Asker: 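Take a look at this one; I'll ask things after.
Within every chain, numbering begins at 1; the chains are lettered A, B, ... in the order of the sequence lines, protein sequences first and strands thereafter. Note that the coordinates shown come from a computational prediction; the quantities given were computed from them, not determined experimentally.
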There are 4 protein chains.
Amino acid sequence: MNKQETILQSAIRMFTEKGVDKTTISDIVKDAGVAQGTFYLYYPSKLSLMPAIAEVMVKATLDEVITAVDPAVSLRTQLAQFVDAIFRVSRDHHEIQAMIYAGLASSEHLREWESVYAPVYEWVSRLIETGREHGDFRTDSSPDQLAKLIIALTESAAEQIYLYDVETDQENRAAIQKEETVKFLAYALGLPADD
Amino acid sequence: MNKQETILQSAIRMFTEKGVDKTTISDIVKDAGVAQGTFYLYYPSKLSLMPAIAEVMVKATLDEVITAVDPAVSLRTQLAQFVDAIFRVSRDHHEIQAMIYAGLASSEHLREWESVYAPVYEWVSRLIETGREHGDFRTDSSPDQLAKLIIALTESAAEQIYLYDVETDQENRAAIQKEETVKFLAYALGLPADD
Amino acid sequence: MNKQETILQSAIRMFTEKGVDKTTISDIVKDAGVAQGTFYLYYPSKLSLMPAIAEVMVKATLDEVITAVDPAVSLRTQLAQFVDAIFRVSRDHHEIQAMIYAGLASSEHLREWESVYAPVYEWVSRLIETGREHGDFRTDSSPDQLAKLIIALTESAAEQIYLYDVETDQENRAAIQKEETVKFLAYALGLPADD
Amino acid sequence: MNKQETILQSAIRMFTEKGVDKTTISDIVKDAGVAQGTFYLYYPSKLSLMPAIAEVMVKATLDEVITAVDPAVSLRTQLAQFVDAIFRVSRDHHEIQAMIYAGLASSEHLREWESVYAPVYEWVSRLIETGREHGDFRTDSSPDQLAKLIIALTESAAEQIYLYDVETDQENRAAIQKEETVKFLAYALGLPADD
DNA sequence: TATGAATGAGCGTTCATTCAT
DNA sequence: CATGAATGAACGCTCATTCAT
């Protein structure tokens, strides 16, 4: 792994452990085992790491989703698998997600965000199109629009559980929230219940 | 307005204008017209302002919602009014919302967040209960659960429009997103279409 | 002496001892016995000290000149006293003079320089005007023009001796250079020799 | 042009463009199109370039003077041509001159300065000697002494115009200053007016 | 209560210098 | 000879925090 990659990995680790604001470049380079100046060979500032990190996160999300969702099962089950995957990503990376939401917001790298996140939208869009070919889902909204709202709902539902530090009974609350989210989505999409 | 309140208002203004990280206590006290030391009479640190700010925001949200939603009209219309209100709050205060999401996350004041936000959840919960008394909404989920997801979806949908700087055609995209969100919610809640 | 004045004095001392470039703000505040941050309460940067230092230098120059020149003696003698004073200032402060010449040049504070130095030009101008009232000095150049060249010549002659580190026989070479400068000036100004 | 020479030329260009302090070795090697390490094959530090640069400058000055001054014309005119040449050099290279004056001063390479500048002194000295053979110039000062003061006056007069950024009406003020300088010199040297 | 001058630890950043290739 | 990635000491500067008034 080259030094640029090492720095990026260390940045993700440090941001996750202590938050973006409280992470110093000194923390990152110490963790990465490189000199202070080496950081600046690859990134002009701390915030300029954000797009690269977002990219890593999106890739991780997409990988998780693709691995988790089995195209052979019913759409309702696929939806459950999707929700499960998003909740898992949120649980494992909620610090980074908070960082992306607000950290990116305060940087000048926001423009890049939409394009970085595009693959996830596209994946969900295609899921809907495929479903429609089998006669599933309501058809009075475009796949792109539905994809946006599906993702908005699912990530936001996951964050309600994982973004905040209240860890009491977390997995139990997560299970309920997941089940409710799937049901909510099924209704919202006009998906008939499994029989 | 006493000095504590003045400081809080200045903090909100400064945070909104230049972001939380880039706002210094010096900025706040200058804007408030008080001395540097006075800040510390009321708040031990910059982050300790967060719960108070969150409270103000939640109150603003609730006021907006209560004002906008007319209990006399159809539930579908009330839903549309609710979505409209949330989008408006997001448009006007997206900086603060990003701040609350991630700014709070990095502080030690997170515990207070849930209790601060509770009134909004309760308001939506009561909306559902009232609807049920008239035979509306599906009943296979608890009002509290539905409230959570309604809020999650609506705020997240609004943020997709307003959190990012792409201001091209913003209000047009917002109109479409609002309409789709209402439709999505109506399906998700088992609400019959207006007739 | 207040802290601002203390910092200024320390800056002059440090600049004189080790040169402007090699003097760090840390050097200055250590010498002044104040905290690092205190510096920035009064000066936004190292270069912003320059106009203040220039002012001190000009005042020192003017004091030296006014003290040294006796209006009661012949103009030729007054000229010698003036040259003597300028050489003395150069000897004692040549580091600062080099600093002002080039240090100011690299800053954005250059505009202020002319106004700061104005009193010296004016003093020499008045010397010429007074001389003319007694029928001395050639009259085919304006006092202001002559003042500029008198100062240019005298300071530059002094710097040839003192700006560079060659200290061998310095005072002897200075004596010769002073005498020649006075003679040069006397001719240049159309001043008759003492009789 | 070999790499050593390329580096020197780039250093002069960079120093002129952005000042000595703000020019980094990285700037120089980038401009020169050589690697960072190559610099150190030829110069041990940034300041060690100074004597070489001074030499180039002095050569440029001498070339300008020799080209400009026509030995066939009257001494008064030659003086005007000389003043003109010095003003031109100052206008085109005032950044480097400031650099040499104070930049050299802060280095350990000062000893070399006098010897580097010697050819200019000698040229002026010879001008005076030649003039004397024709019965011109006063003879109560040595040519070497006069040369020093002539150069001191002329360069300093030029700097009063060009060292500072006030560019309003610069060429007009330069013309007046040049004329006055020639007149001043003519008197100072006991040179009869052209007839 | 209220002030604001003073603090100083610690930050991001620069850049002259080295050395394995 | 030439390279340029890597170094890390040292810099200017910020700003939350304190405390004598």
Asker: Under 4.0 Å: is that the gap between some side-chain N or O of C:Tyr42 and OP1 or OP2 of E:dA6?
Answerer: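 Checking C:Tyr42 against E:dA6: at least one side-chain N or O falls below 4.0 Å of OP1 or OP2.
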
Asker: Please determine, for the side chain of C:Gln36, which listed nucleotide (F:dG8, F:dG12, F:dA16) has the closest atom?
Answerer: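 When the side chain of C:Gln36 is considered, F:dG12 is the closest of F:dG8, F:dG12, F:dA16.
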
Asker: Rounding to a whole Å, what distance do you find between C:Lys18:NZ and F:dA10:P?
Answerer: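 It is 12 Å, rounded to the nearest whole Å.
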
Asker: NZ of A:Lys3 versus C1' of F:dG8: gap in Å, rounded?
Answerer: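 It is 13 Å, rounded to the nearest whole Å.
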
Asker: How long is the straight-line distance from CG of B:Asp27 back to CD of B:Glu17, given to the nearest 0.5 Å?
Answerer: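 Answer rounded to 0.5 Å: 9.5 Å.
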
Asker: What does F:dA20 pair with, Watson-Crick or G-U, if both distances are under 3.5 Å?
Answerer: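 Pairing partner, where one exists within any strand: E:dT3.
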
Asker: With respect to the side chain of D:Thr38, which nucleotide from E:dT3, E:dT13, F:dA2 is positioned closest?
Answerer: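 My answer, after comparing the listed nucleotides, is F:dA2.
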
Asker: Separation of B:Lys22 atom NZ from F:dT14 atom P, in whole Å?
Answerer: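 These atoms are roughly 14 Å apart.
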
Asker: Counting side-chain heavy atoms from CB outward, which of E:dT3, E:dG8, E:dT18 is closest to C:Ala35?
Answerer: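 The closest nucleotide is E:dG8.
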
Asker: Just jot down the ring-ring contact (aromatic ring centres under 6.0 Å, His included) partners of B:Tyr42, sequence neighbours excluded, or say none.
Answerer: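 Testing B:Tyr42 for ring-ring contact (aromatic ring centres under 6.0 Å, His included), a comparison that skips the adjacent residues, returns none.
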
Asker: Calculate the interatomic distance between A:Lys30 atom NZ and F:dT7 atom P; express it in whole Å.
Answerer: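 Computing the A:Lys30:NZ to F:dT7:P distance gives 15 Å.
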
Asker: Starting from the 5' end of DNA chain E, give me the residue, A:Thr24 or C:Gly33, whose nearest nucleotide shows up first.
Answerer: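 Result: C:Gly33.
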
Asker: Using a heavy-atom cut-off of under 4.0 Å over every strand shown, decide if D:Tyr43 touches base, sugar-phosphate, or nothing.
Answerer: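 Here D:Tyr43 touches no strand at all.
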
Asker: Would you indicate whether the side-chain heavy atoms of C:Ile7 and C:Val29 approach each other to under 4.5 Å?
Answerer: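 Not in contact.
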
Asker: Atom CZ of B:Phe39 and atom P of E:dT1: how far apart are they, to the nearest Å?
Answerer: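 Going from CZ in B:Phe39 over to P in E:dT1 covers 16 Å.
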
Asker: For C:Leu41 and E:dA6, what is the distance between atoms CG and P respectively, to the nearest whole Å?
Answerer: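 From C:Leu41 CG to E:dA6 P: 7 Å.
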
Asker: D:Gln36 versus D:Ser26: any side-chain heavy-atom pair under 4.5 Å?
Answerer: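 Yes, at least one pair of side-chain atoms sits under 4.5 Å.
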
Asker: When you match C:Thr23 and B:Ser26 each to their closest nucleotide on DNA chain F, which lands nearer the 5' end?
Answerer: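 Nearer the 5' end of the strand: C:Thr23.
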
Asker: What is the distance, to the nearest angstrom, from the CD1 atom on C:Ile25 to the C1' atom on F:dT14?
Answerer: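 Value for this atom pair: 12 Å.
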
Asker: Taking the side chain as everything from C-beta on, heavy atoms only, tell me whether C:Phe15 gets closer than 4.5 Å to C:Lys46.
Answerer: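 SC-SC contact between C:Phe15 and C:Lys46 confirmed.
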
Asker: Distance check needed: F:dT14 P versus B:Lys46 NZ, whole Å only.
Answerer: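 After rounding, the reported distance stands at 15 Å.
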
